[in-house]
Structure formats: C-alpha cells, structure tokens
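Structure, as structure tokens:
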Amino acid sequence: MASIGQTVNPTSGSDALSRARQRASLMPDCLVEAKRIANTVIAGWHGRRKRGIGENFWQFRPYAEGESLSRIDWRRSARDDHTYVREREWEAAHTIWLWCDMSPSMMYKSSYGSVSKESRALVVMLALAEILARSGERIGCPGIMEPVSTRNAAERLASALMHAPLTGGLPETGMIRGWSDLVLIGDFLDDAPVIMERLGPLARRGLHGHVVEIADPAEEIFPYSGRTEFIDPETGAKLISGRAEHIRDTYRNAYLARRDSLGQSLRHLGWTFTTHRTDHLASEALVAVHMYLSGMPAKATHGGLL
C-alpha cells in the first residue's frame with residue numbers, strides 16, 4: 001500500500017541495481033542507530049548465565065558436606081569461619097539466526113510513521129546482533145552470513161547485507177540446525193496459513209522462533225478517504241476505491257484478524273510474536289525480543305506485544 005499522495009513502484013529487473021544501492025546507502029545510518037539503541041539496553045543481560053564448566057568466576061557458595069575438598073576456595077574461606085566453594089560460570093555460545101524482510105513492501109512509509117518499515121527492521125536486527133555479540137553468542141543470517149562469534153558481528157552482518165541479493169519471502173533455513181534461535185523481522189502481510197506452512201516444520205525441527213511484525217501506523221488505522229488508488233509494491237496490482245472510507249472497517253477487521261491468527265498459531269508452536277509500529281521507539285521491540293531470548297516474559301507496552 002502506498003503512502004497518502006505517493007506511489008511506490010515495484011522493483012523490476014532493470015532497476016534492481018538501483019534498489020540494491022538504496023539499501024547499501026541505508027545501511028551505515030541503520031548501523032549507527034542500532035549501536036545507539038543497543039547502548040541503551042543493559043549489555044550482558046542475555047539471561048543465559050549460570051554455573052557450570054567455564055573459565056569465568058560465577059560466585060562463592062557455602063561448602064556442602066560430601067563435596068570434594070579440591071573445590072574449596074581456601075583463600076576466601078580464611079576470611080571468616082565458613083568454608084566456601086568457588087563456582088565458575090557455564091559457558092556455551094548459543095547460535096542465534098537473525099533475518100529481516102527486505103522485499104519492496106518493506107519500503108513503505110506513510111506520513112504517520114517516523115521511518116520506513118525496512119529501516120526499522122534493519123535497526124532492530126543490527127541492534128540485536130550488537131547486544132548478543134557482547135554476550136558472546138554466535139550470530140548468523142540465513143543464506144547471507146554464517147554464524148560468527150565476534151564483537152563486531154553487527155558490522156559484519158551489515159556488510160553482508162549490503163552485498164546480499166534482492167530476495168523476498170521467508171529465508172531458506174536448510175543450513176540451520178536444531179536447538180538454535182531464529183528471529184524473523186518483517187511485515188508478514190501474507191495470510192497466516194501461508195506463513196505457518198513455512199514456519200511449522202522449523203518448530204518441529206527444534207528451532208526456537210521469535211517473530212517481529214513491523215507495521216506502519218497507516219496500515220492499522222487506514223486513514224484514506226475519497227477516490228483512492230492502492231498499488232501492490234511487489235506485484236504492481238492496482239485497486240481503485242471510489243470511497244475508501246467505506247471499506248475502512250472491513251479492511252481493519254481483516255488486517256487485525258490476520259495478525260491475531262498468526263500470533264495464535266505461533267504461540268501454539270511455542271514461538272513468540274511481537275508487533276511493533278514505526279511510530280514507536282525501536283528500543284521497545286529490541287527489549288521485548290531480547291527478553292524473550294533471555295527466557296524472561298516480555299512486559300506488554302504500547303508497542304504492541306502479543
């Protein structure tokens with residue numbers, strides 16, 4: 001759907017290079033914004049820290065009768081009348097796959113939104129990569145970047161995205177092994193059964209999924225009135241309405257029903273579903289997904305958590 005008073009033409013093969021250049025020019029600004037937002041979220045708040053085999057100190061705890069004497073920390077125990085055991089932190093890098101939709105429909109921006117859906121999706125994706133990399137996780141992008149465990153994962157992901165081919169739809173996931181986390185960011189405007197046909201097998205393979213729906217405010221409130229021409233940015237299909245305000249309620253009911261159906265289906269799989277509008281702060285979506293990845297329930301905000 002095009003913005004009020006504007007049209008968004010579909011990307012054809014002849015201007016695919018222009019589209020790629022536009023995305024490449026967007027990436028540096030998105031990376032800077034992502035780092036700024038990531039710095040507002042507590043680093044290392046990933047929630048996977050626990051005691052186990054590793055090199056980093058975790059905590060001191062009282063010695064329990066029957067434990068091996070070799071585990072006693074005699075220096076700490078000498079400070080008072082108790083005997084303490086030194087525990088180490090469990091260390092095991094987790095693989096988290098990040099993906100965002102960069103099809104033409106994501107370029108949409110109305111006068112009600114602060115940025116395009118594509119820009120917001122990229123910022124959230126790169127900010128997640130930044131925070132998770134600080135926590136020592138392995139970050140990958142299906143079909144674009146193999147998982148890496150490095151502090152500059154966000155920069156490497158941004159570089160890979162700039163050179164990635166223009167594709168639409170959900171990513172190929174054959175390279176993803178079970179017991180990984182997969183974060184999908186997009187507008188997910190297809191019918192819920194079509195989306196679930198692709199995502200259902202992933203859940204049965206043991207993947208933990210987190211879906212973030214990015215929406216422009218105009219897509220929800222439908223502010224159009226009078227004679228209006230709607231153009232599908234991906235297929236070029238057109239729909240002309242003589243009085244757009246007459247179809248507002250029907251449209252909104254269908255739009256919200258699709259969202260509810262998708263959210264319920266994902267929760268049935270054990271996945272999480274978050275909605276985020278581009279007129280809200282990007283940090284809201286970032287915090288919500290980060291809490292889900294940390295195994296903590298996200299708190300509902302006006303950003304639209306479901």
Side-chain angles (χ1 to χ4, degrees), residues 41 44-50 52 90-101 120-121 124-125 127-129 131-133 135-147 149 169-215 255-277 282-306:
V41 179
W45 174 43
H46 195 262
R48 298 183 186 276
R49 297 178 65 236
K50 58 184 179 180
W90 178 78
E91 295 177 351
H94 194 69
T95 300
I96 299 176
W97 297 85
L98 306 176
W99 173 87
C100 75
D101 185 6
R120 180 54 54 84
V124 173
M125 180 187 190
L128 268 175
I131 292 178
L132 295 172
S135 301
E137 307 289 17
R138 301 174 70 241
I139 309 301
C141 183
I144 295 178
M145 186 180 81
E146 291 294 323
S149 181
L170 293 171
E172 294 297 328
T173 57
M175 77 294 294
I176 302 179
R177 300 294 178 263
W179 310 114
S180 298
D181 278 273
L182 175 64
V183 180
L184 303 173
I185 308 172
D187 52 17
F188 300 99
L189 293 177
D190 290 328
D191 292 336
V194 175
I195 297 175
M196 296 309 301
E197 186 177 353
R198 288 289 309 277
L199 300 184
L202 301 182
R204 290 190 287 273
R205 282 166 45 189
L207 291 178
H208 300 285
H210 311 274
V211 174
V212 183
E213 180 196 55
I214 305 295
Y255 183 88
L256 296 177
R258 173 205 55 83
R259 173 182 289 171
D260 291 341
S261 176
L262 179 59
Q264 292 175 10
S265 298
L266 289 169
R267 286 191 291 271
H268 182 71
L269 293 179
W271 287 27
T272 68
F273 182 61
T274 304
T275 63
H276 174 74
R277 284 180 22 168
S283 57
E284 293 179 8
L286 177 62
V287 169
V289 178
H290 194 263
M291 291 183 71
Y292 282 136
L293 287 168
S294 303
M296 296 181 286
K299 298 181 179 178
T301 70
H302 65 283
L305 303 188
L306 295 177

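Ile131 places a side-chain heavy atom less than 4.5 Å from the side chain of His290. Within the 4.5 Å cutoff, the side chain of Leu266 has heavy atoms near those of the Met196 side chain. By the 4.5 Å heavy-atom criterion applied to side chains, Pro171 and Leu184 are counted as neighbours. The shortest side-chain heavy-atom distance between Leu293 and Leu128 falls under the 4.5 Å cut-off. Residues Val211 and Thr272 fail the side-chain proximity criterion, which asks for heavy atoms closer than 4.5 Å. Contact annotation: the side chain of Pro201 approaches that of Arg204 to within less than 4.5 Å [non-hydrogen atoms, C-beta and beyond]. Looking at Ser180 and Arg138, their side chains never come closer than 4.5 Å, going by heavy atoms from C-beta outward.
A donor-acceptor contact shorter than 3.5 Å links the side chain of Trp271 to the backbone of Leu207. A donor-acceptor pair under 3.5 Å is absent between the side-chain atoms of Ser261 and the main chain of Ala257, judged by distance alone. Within the 3.5 Å criterion, the main-chain N or O of Leu189 finds no donor-acceptor partner in the side chain of Arg259. Here the side chain of Arg205 pairs a donor or acceptor atom with the backbone of Ile176 at under 3.5 angstrom.
Contact detail for Glu172 and Pro142: the closest heavy-atom pair is O-CB, 3.4 Å. Annotation for Phe273 and Gly263: closest pair CD2-CA, 3.5 Å, computed over non-hydrogen atoms. The minimum heavy-atom distance linking Met145 with Ile139 is given by the pair CE-O, 3.5 Å. Here the shortest heavy-atom pairing between Leu170 and Phe188 reads CD2-CE2, 3.8 Å. Here the closest non-hydrogen pair linking Leu269 and Leu199 is CD1-O, 4.3 Å. Counting all heavy atoms, side chain and backbone alike, Asp101 lies closest to Gly186 at CB-CA, 3.9 Å.
Between the NE2 atom of His276 and the OG atom of Ser283 there is a distance of 8.0 Å, given to the nearest 0.5 Å. With rounding to the nearest 0.5 angstrom, the CG atom of Leu98 is 5.5 Å from the CE atom of Met125. Rounding to the nearest 0.5 Å gives a distance of 12.5 Å between CG of Leu202 and NE2 of His208. The CD1 atom of Ile144 sits 9.5 Å away from the CH2 atom of Trp99 when rounded to the nearest 0.5 Å. Atoms OG and CG, on Ser265 and Asp260 in that order, are 10.5 Å from each other to the nearest 0.5 Å.
A salt bridge links Glu213 with Arg258: the closest approach of a Lys/Arg side-chain nitrogen to an acidic carboxylate oxygen falls below 4.0 angstrom.
Tyr292 pairs in a side-chain contact (heavy atoms from CB on, under 4.5 Å) with only one of the listed residues (Asp181, Thr274, Val212), which is Thr274.
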